[in-house]
**Student:** 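Can you read through this structure? Questions will come right after.
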Amino acid sequence: MNDRPKLVHAPTEGFPMQDDRLTVGGIPLDRLAARVGQTPFYAYDRKLLSRRVAELREHLPPSISLHYAMKANPMPAVVDHMAREVDGIDVASGRELRVALDAGMDPQEISFAGPGKHAGELAQAIASGVLINVESPTELKTIARLANELKAMARIAIRVNPDFELKSSGMKMGGGPKQFGIDAEQLPELLPTIAHPLVFEGFHIFSGSQNLKAEAIIEAQIKALALAVRLAAFAPGPVRMLNIGGGFGIPYFPGESRFDLAAVGVHLHALVDEAKRVLPEAELVVELGRYLVGEAGVYVSRVIDRKVSRGQVFLVTDGGLHHHLSASGNFGQVIRKNYPVAIGTRANDGEREIASVVGPLCTPLDLLADRMDLACADIGDLVVVFQSGAYGLTASPGHFLSHPPAVEVLV
Ligand SMILES: *Cc1c(COP(=O)(O)O)cnc(C)c1O
């Protein structure tokens with residue numbers, strides 16, 4: 001926004017200012033806080049969620065299935081909304097599976113990944129008819145046994161630990177020794193053993209997350225297809241589904257920017273054509289978490305105290321790492337950097353100062369903004385953390401220090 005020169009790095013266009021107030025879904029922030037009934041809270045904007053999906057559809061080939069990895073944000077109202085927008089939902093636990101089914105998602109379009117699925121969860125998956133992404137040879141045996149007990153067939157895909165890594169990915173989840181998936185080298189022996197009551201549907205090849213480089217994403221997709229083609233030679237049936245992962249990142253920190261979605265889209269059109277030739281029966285799936293929901297959410301807390309310690313201004317808020325671990329820098333960051341933060345109840349072009357935003361926990365880790373350039377704020381003002389729609393509340397240690405939980409709303 002050009003009225004916010006100090007926030008050029010903050011991807012905040014979705015939440016415009018109106019009369020010195022930040023708005024969420026058109027509602028001024030102080031009004032929204034009153035409507036929610038408490039601070040701190042997370043607010044997600046349903047229009048922004050829909051807009052992101054529309055943007056993707058514009059660039060991706062129509063035959064690609066778009067899946068939502070709901071661990072990014074499992075709030076039931078968000079999952080309900082996404083269930084109507086996307087082609088499938090990827091779940092990572094028995095409880096997520098129930099939420100996806102409650103949202104009305106067709107079990108045919110739900111897949112279940114994750115190491116260490118216990119027997120109860122696997123039975124849930126078989127009984128509901130969802131696709132299980134198998135993470136180990138032991139799990140494969142357990143699924144066959146449970147399916148026999150349930151007198152049902154079990155739809156499975158093999159999650160492959162690829163023999164390549166997603167370059168410049170924020171979180172590597174494939175390549176080398178990993179707890180995820182089955183090593184590509186083990187599959188020529190394992191694949192031919194898959195038989196009734198297991199129904200082989202294809203491969204899940206997910207190599208990483210939070211990638212902001214289009215070339216790296218494209219390279220991983222090319223390698224995923226090539227690997228699937230190699231493995232298909234050993235498969236007990238045709239590959240009907242190929243999940244080529246996701247890894248689409250969003251900018252969190254100064255200097256980061258969005259990756260070139262158009263470039264990835266152009267490449268995917270070519271990849272779909274190639275796949276039609278080499279794996280003619282395969283539906284291609286892209287699974288995305290944070291890219292779908294991350295930029296549509298804010299975390300809002302209220303300033304409880306304002307103090308100056310040896311010249312440094314501290315805004316002490318009622319929210320902190322117990323609700324938003326990732327903004328505090330303690331969810332996988334090596335060097336702590338500030339998420340985009342703003343005072344949502346002050347004009348951005350008014351008086352400004354360097355201030356730190358901290359939470360109420362008795363640990364120096366409870367830091368939401370470290371010496372940031374912010375509008376001057378006082379007790380009662382609302383602090384907004386952007387890029388908070390993914391890996392927020394459910395990725396945080398909510399019980400630490402026994403403060404009240406945050407509320408979530410979909411606006
Ligand atoms: C976590 C996860 C995702 C989503 O990752 P994002 O970075 O949120 O897009 C997708 N697929 C699998 C298998 C995952 O574990």
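Just so you know, ligand 1 is whichever comes first in the structure, and atom 1 is the first atom listed for that ligand.
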**Student:** Are Phe180 and ligand 1 in contact, using a heavy-atom cut-off of under 4.0 Å?
**Tutor:** no

**Student:** Looking at Phe259, I'd like to know if the NZ or CZ of Lys213 sits under 6.0 Å from its six-membered ring centre while staying within 45 degrees of the ring's axis.
**Tutor:** no

**Student:** Among Arg159, Gln210, Lys71, which one puts a heavy atom closest to atom 15 (O) of ligand 1?
**Tutor:** Lys71

**Student:** Does CZ belonging to Arg95 count more than 12 external heavy atoms closer than 6.0 Å?
**Tutor:** no

**Student:** Under 3.5 Å, is there a donor-acceptor pair between the Glu283 and Ser65 side chains?
**Tutor:** yes

**Student:** Going by the order shown, which atoms of ligand 1 are within less than 4.0 Å of some heavy atom of Ser209?
**Tutor:** 5 (O), 6 (P), 7 (O)

**Student:** Which bit of Ala113 gets closer than 4.0 Å to ligand 1, counting heavy atoms only: side chain, backbone, both or neither?
**Tutor:** neither

**Student:** So, is Tyr391 polar-close to ligand 1, with some N/O to N/O distance under 3.5 Å?
**Tutor:** yes

**Student:** Number the atoms of ligand 1 from 1 as they appear, then name those within less than 4.0 Å of a heavy atom of His204, with their elements.
**Tutor:** 13 (C)

**Student:** Centre of Tyr291's six-membered ring, under 6.0 Å away, within 45 degrees of the axis: is that where NZ or CZ of Arg52 sits?
**Tutor:** yes

**Student:** Quick one: which of His324, His323, Gln387 gives a side-chain hydrogen bond (donor to acceptor under 3.5 Å, both in side chains) with Tyr299?
**Tutor:** His323

**Student:** Are any of the N or O atoms of Arg290 closer than 3.5 Å to those of ligand 1?
**Tutor:** yes

**Student:** With a 6.0 Å cut-off (strictly less than), is the heavy-atom count around CZ of Arg336, excluding the residue itself, greater than 12?
**Tutor:** yes

**Student:** If we ignore hydrogens and angles and just use 3.5 Å, is the side chain of Glu281 paired with the main-chain N or O of Arg240 as donor and acceptor?
**Tutor:** no

**Student:** Could you tell me whether ligand 1 has any atom less than 4.0 Å away from a heavy atom of Phe206?
**Tutor:** yes

**Student:** Number the atoms of ligand 1 from 1 as they appear, then name those within less than 4.0 Å of a heavy atom of Ala69, with their elements.
**Tutor:** 3 (C), 4 (C), 10 (C)

**Student:** Give yes or no for whether the N/O distance cutoff of 3.5 Å, strictly under, is met between Glu287 and ligand 1.
**Tutor:** yes

